[in-house]
Amino acid sequence: MHKISFRSAILYLAAFIVVIAVAMLAVLGPERFARYYDRMMLNRINTEAAESANEAFRYSLDVNEKLNILSRCLNSQVLAESESSAATHMENENLGYDSLNGTYAFVENKQGPSDKEITEADIYDRCNEKLAHMWEIGILPGKVKELSKDSYDAVLYSAIDVLDPRNSVSVWKVSLSTGKQNADKSGRLLDAYVDAQTGQFYEFYVRTQTQWDALDPDAIVELWRTELGLVEPEEFDSSNPLLETTPYFEKYRFPCTEEAGTVVTIGFYEGINELFLKIAR
């Protein structure tokens, strides 16, 4: 009879023990692991970062897309552009713009700014910083009087592409308070649309001492678009005098997609010395 050596017997025994252990682990392991996981997770408060309700439908848009969405939303509603504009501007129905309503909405944001946006308490200081910078680099021809909560109103709006609500832009509309409309407006900002995240000015109306002949609209729009990070404008035929209620203006088209673009106007109201940069409407 073949005798098993002591060494072989040890190896057989070890192999038998391993097989038994694997079998027991296969049978009992999942249940024990589940119990251990339950003890770790149950009766404990676990937290994780999540977007706030104010962040709904927001994702990254470049500045060209933001400008285009805001322009389309402003075209879809009627808001007084400024106290002087209400007295001097014609209705848009003669401007030849296509589809001014239906798919874009410009609504007041009742929820307030998110944690990534400028608060109402800070918007005036941020505007003052940006206005000073715009004067320093040459976008504005002169200094603008400081804004304060006592003299200005700031309302947060959301510009929304209704067909794709993720495409939205939050802006502060900053306007001279109606109670100050009879005050001296020289050197004052009258109206502006300001990006709620960056503080950049998409549009502004400001009183100045500088006359149109002394202004260089091409230089202004180039500095403004460089400051925002916009693409270079395309040629735009602005020879039609009926496009504006003032003869002093230049228009520029900033492409967004192959089909879409945003028309930006640099203009001037003589007599009241009001310089404006607006997106088409």
Side-chain angles (χ1 to χ4, degrees), residues 49-81 85 89-120 123 154-175 191-204 221 224-225 228-238 243-244 251-265 276-281:
E51 291 185 350
S52 66
N54 291 344
E55 288 295 304
F57 303 127
R58 297 182 190 177
Y59 70 108
S60 180
L61 296 172
D62 67 36
V63 67
N64 299 284
E65 294 171 319
K66 285 184 174 183
L67 190 73
N68 187 254
I69 291 171
L70 178 59
S71 172
R72 289 173 178 269
C73 290
L74 291 178
N75 284 344
S76 299
Q77 51 85 56
V78 178
L79 281 178
E81 295 165 346
S85 303
H89 290 193
M90 293 190 303
E91 295 294 331
N92 285 333
E93 57 196 26
N94 295 324
L95 301 183
Y97 298 130
D98 295 327
S99 63
L100 295 183
N101 51 30
T103 60
Y104 291 88
F106 190 69
V107 295
E108 184 176 349
N109 186 339
K110 300 289 188 179
Q111 295 178 333
S114 71
D115 56 3
K116 297 179 181 179
E117 295 171 337
I118 304 169
T119 65
E120 184 177 3
I123 186 60
V155 181
L156 184 64
Y157 286 93
S158 293
I160 305 170
D161 179 351
V162 176
L163 298 182
D164 188 356
R166 295 175 302 169
N167 295 333
S168 66
V169 184
S170 291
V171 293
W172 283 101
K173 184 177 189 292
V174 181
S175 308
D191 274 306
Y193 287 106
V194 182
D195 189 284
Q197 290 186 336
T198 66
Q200 299 285 14
F201 277 64
Y202 290 125
E203 180 171 308
F204 60 81
V221 81
W224 173 78
R225 76 109 188 153
L228 265 67
L230 294 166
V231 298
E232 292 188 3
E234 301 172 338
E235 288 189 16
F236 185 87
D237 183 10
S238 59
L243 289 176
E244 295 291 336
K251 289 183 178 288
Y252 310 83
R253 185 181 187 275
F254 288 87
C256 177
T257 64
E258 291 184 1
E259 299 82 14
T262 307
V263 177
V264 173
T265 306
F276 62 86
L277 184 153
K278 70 173 183 176
I279 52 183
R281 63 182 188 276

Nearest-0.5 Å distance that lies between atom CG in Leu228 and atom CG in Asn64
9.0 Å
Atom pair CG/CD1 of Leu156 and Ile123 - distance to nearest 0.5 Å
9.0 Å
Are any of the side-chain heavy atoms of [X] and [Y] separated by less than 4.5 Å?
X	Y	value
Leu67	Val264	yes
Pro255	Val231	yes
Lys251	Leu243	yes
Lys66	Gln197	yes
Ser168	Ile69	no
Asn167	Leu61	yes
Glu65	Asp62	yes

Is the Trp224 ring parallel, tilted or perpendicular to the Phe254 ring (thresholds 30°, 60°)?
perpendicular
By the definition side-chain contact (heavy atoms from CB on, under 4.5 Å), identify the one residue from Asn75, Leu74, Thr265 that meets it with Ile279.
Leu74
I need the single residue from Asn109, Leu70, Val155 that forms a side-chain contact (heavy atoms from CB on, under 4.5 Å) with Val171. Which is it?
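Between Val171 and the candidates, side-chain contact (heavy atoms from CB on, under 4.5 Å) is satisfied uniquely by Leu70.
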Going by an N to O cut-off under 4.0 Å, is there a salt bridge joining Glu235 and Arg253?
no
Between Lys278 and Glu244, is there a side-chain N and carboxylate O pair less than 4.0 Å apart?
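Salt bridge present between Lys278 and Glu244.
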Do the side chain of [X] and the main chain of [Y] share a donor and acceptor less than 3.5 angstrom apart?
X	Y	result
Trp172	Ile118	yes
Ser158	Ile160	no
Arg72	Tyr104	no

Please assess Tyr157 against Phe106 for the test ring-ring contact (aromatic ring centres under 6.0 Å, His included), listing each intermediate value before the final yes or no.
CA-CA 7 Å; Tyr157 286 93; Phe106 190 69; 4.6 Å; yes
Side chains of Tyr202 and Asp195 only: does a donor on one sit below 3.5 Å from an acceptor on the other?
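Tyr202 vs Asp195: donor-acceptor pair found between side chains.
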Smallest separation among heavy atoms of Asn68 and Gly261, with atom names
ND2-O, 3.2 Å
